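A short write-up of the structure that comes next.
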Amino acid sequence: MTHHSQHNTQPTSNSHERGSLHVVPASVLLAVFAALLVLTFLSWAATWVDLGVWNLWLAMGIATVKAGLVALYFMHLRYDPSFYALVLAVALLFVLLFVCLTLLDAVEYYPDIHAMTQG
Amino acid sequence: MTEPSAINYLTYPRGLRSWLLTLDHKRIGVMYLASVALALVLGLIFALLMRTELIAPGRTIMGEDTYNRVFTVHGAVMIFLVVIPAIPAVLGNFCLPLMLGAKDVAFPRLNLASLYLWWIGALFFLVTLAFGGLDTGWTFYTPYSTTTNTNVLAAVTGVFILGFSSIFTALNFIVSIHTLRPPGMTWRRLPLFLWGLYATGLIQVLATPVLGVTLLLLGVERILGLGIFDSALGGDPVLFQHFFWFYAHPAVYIVILPGMGIISEVIPVFSRKPIFGYRFIAYSSVAIALIGFLVWGHHMFVAGQSVLASTIFSALTFAVAIPSAVKVFNWLATMYKGSIELAAPMVYALIFLFLFGIGGLTGLFLGTLSVNVPLHNTHFVVAHFHYVIVGGAVMAMLAGLHYWWPKMFGRMYNQTWARLSALLIFVAFNMTFFPLFIMGGRGLVRRYYDYSVFLESNPEFTFYNQLASVWGYLLVTGFVSMALCLISSLWSGRPAPDNPWGAPGLEWKSSSPPPPENPPPPAQVGDPYDFTEALLPSGT
Amino acid sequence: MNHTDNHPANSDHGHDPFLAHHFSSHRQQYEAGKLGMWIFLLTEILLFGGLFCAYAVFRANRPEVFLWAHRFLDKPLGALNTAVLITSSLTMALAVRSAQLDRPRRSAFFLVLTLLCATAFLGVKYVEYKHKWEDGLLWVRQFRPVESAAVSHDAEAADQQPRHAGIFFSIYFAMTGLHAVHVLAGMAAVGWVLVRTLRGHFNSQYFGPVDYVGLYWHLVDLIWIYLFPLFYLIH
């Protein structure tokens, strides 16, 4: 039988060979769902309070917590071999790289453009 | 030894439908070969048109408007239809499952879809040509690309579709290497061609989507006036360049990494020595892939990019040269005290080392921020990228083609003819492109149909351009000769043995050509560069 | 060991219509498919990443445009859509779970619910887009805000409109538009899996496609989770 991938095997309790994979309990899914709705409301409520520049970071922070819950539980990363989480992390890392470096440049040259267009 | 066995993947199953609907990776690789070769012919025709125009100052055969279209289509066809797909789609598709001892890639239907998408993308290019062509340069810079009335939409649609072809191939290869390795093939026993394809796949899946969104936005900007890249509407044209080069720089590593993988296969076999520094070569492929994402701004030093960002990109550009150099030294060390056999694949590998060395080093000139300012947009850049793309990737592709040809088609080709063609290509290539370094260093701007304005200060430009044009024709002659040598072997070549070169890889265990269904892997796979067990070349 | 699988014990996998010939086991096929889908999701994240970059650049350099223009967006509708998509993710996860547990009818039920949520999402987006169209609040070249728009959205008067304010809507339509296209594609995929579920293709040994489509659907939800605060919750 062809040996398949070297990366982590399924961390399951029962081990019959085919298709035995972790099944997320329905209660967990519903709890995550409730948490997501609460967090959504929280992020909306946060806009009624003026926190200056922190509003953006708070909104992003709450969004990231929500995203984490979706990824970990709905997308099964909590129970899966860590390789899939690595794939997700790499994707996010490269987006971050692209955004940060481009933003750095754009913020640096914008004052010159602004000065030129005001005149 | 014997005639190519009557039943092999080429002859069975029969019929056009069986080819067009095949799920056999070997057939898909062969169809890609024919397709990419046709695209190469188209690109070369445009190249010859350009060189014909430049053989004399002033207008020779075309005016500036036509010249703009010719160099644009030359670049777009060569980049998107030829050098980006070529090695992975042709040699990767053919060899990867055989090297893994697998029956096929992980997703055979997706593989066929990749081929169809290439064909559809190519069709859009033909449509672009038929309706007036494109004159933006293959780089599509805004605001010209959002306002010119040439056929930008058809072209960007074609490139968008080709992007999917590329992504799906990469996805297939990455998953195949992860899940279809045979017993004993740990990551440290993976053939280096597969390490190269894996690293390439990483770049393809990470970078190509950004090209996709860039082209999407470009198209929407043209149709609806979205305004993101148009300064008159409050947009930012430099942002377009960030978007474009975030893909297009890693794209050049998509072009070269598979080629480097081939060189890592060819040199040990024709030096009869295991590769030197396997782990360094394997990891340097991944390093090139990753660092390659950190340097895109070196295309934008004079575009309005801030000095801060430019400095960062310039420094990082020096870093990306290091893993490439690591490879070159390892290849040289492999050859040292080896028993060199100058068969055609090895000749191309040596040509690669020479030309890619020059090309890579000249990249450092261009990456140096201050030096880039006078060299930007000159023929120095043109010479640099032709040395690395043609002198690098295309030579590596030819090395691979000449290496695996007996396996793919069951025929040996004429070594003398092949080597003489290689020699012609080597000499002609240098004579065509080295003058461009000289002229570019002296200020000859690229993408000009007429260099008369430079002749007062640099009268020698006429001679150098004549040299480049004449040798350009000879270069194409070399390619034609090489192609005829290979193609004629299909009916007049000696039948190839299973392992004509005495190479240790798994792909050589099957018959030449392989049967429709791939042979199973051995019970345990060993070191891919272990020459002690390799068969002696049979029937040479 | 005994397999509690659905096909005869003596059949080799060559006869299993749902095990591709080049895989040696369902497990290998499942893992390959899952890795393939995660890599595809990676490409989608990079695709949207470009747009997030454009957002970041314009928000950093033209904050006044964002502060002025975001008020034209309907916060309650945005929040409603967020809740709708979160619900659809729940139903999708429950559909996958049901497929794993050999309950095809329940799985189909949850898939239908997912499709209904998706339709509701697109319905709300249609309403929002219609309002923008009527108010002239479109992308830059078509940005001609109607007088009444400012009044109904409690925005500052038109004479305080920043230069090139339409850029906000260019990015808004680009991002939510591309997202909506992905919702549509996701609906097609869910529909396809629904048809296969109704035909009885899936069971506890073979449910990969439901899982993979689920992963894609959750990504669509993930992207909206970020779009919502970036456009609707600007303070």
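Just so we're clear, the structure is a prediction, and the values are computed from it rather than from any experiment. Note that these values count all heavy atoms, side chains included, but never hydrogens, waters or copies made by symmetry. Reminder, nothing fancy here: chain letters follow the sequence lines and each chain counts from 1.
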Say you draw a straight line from CG of B/Asn172 to NE2 of B/His25; how long is it, rounded to the nearest 0.5 Å? 11.0 Å
Taking C-beta and beyond as the side chain, do B/Leu206 and A/Val90 meet within less than 4.5 Å on heavy atoms? yes
Contact class of B/Phe313 relative to chain A, heavy atoms under 4.5 angstrom: side chain
Aromatic plane relationship, B/Phe140 with B/Phe244 - under 30° parallel, 30 to 60° tilted, over 60° perpendicular: perpendicular
Inter-residue atom distance B/Tyr283.OH - B/Trp195.CH2, 0.5 Å rounding: 5.5 Å
Quick check on the interface: out of B/Ser306, B/Ser310, B/Pro209, B/Ala523, who has the most heavy-atom pairs with chain A under 4.5 Å? B/Ser306
Between B/Gln305 and A/Asp105 (side chain of the first, backbone of the second, donor and acceptor by atom type, cut-off under 3.5 Å), is there such a pair? no
Which atoms of B/Leu239 approach chain A - backbone, side chain, both or neither, heavy atom under 4.5 Å: both
Among A/Leu104, A/Asp112, A/Leu101, who wins on heavy-atom pairs under 4.5 Å with chain B? A/Leu101
Toward chain A, the part of B/Val307 with a non-hydrogen atom under 4.5 Å: neither
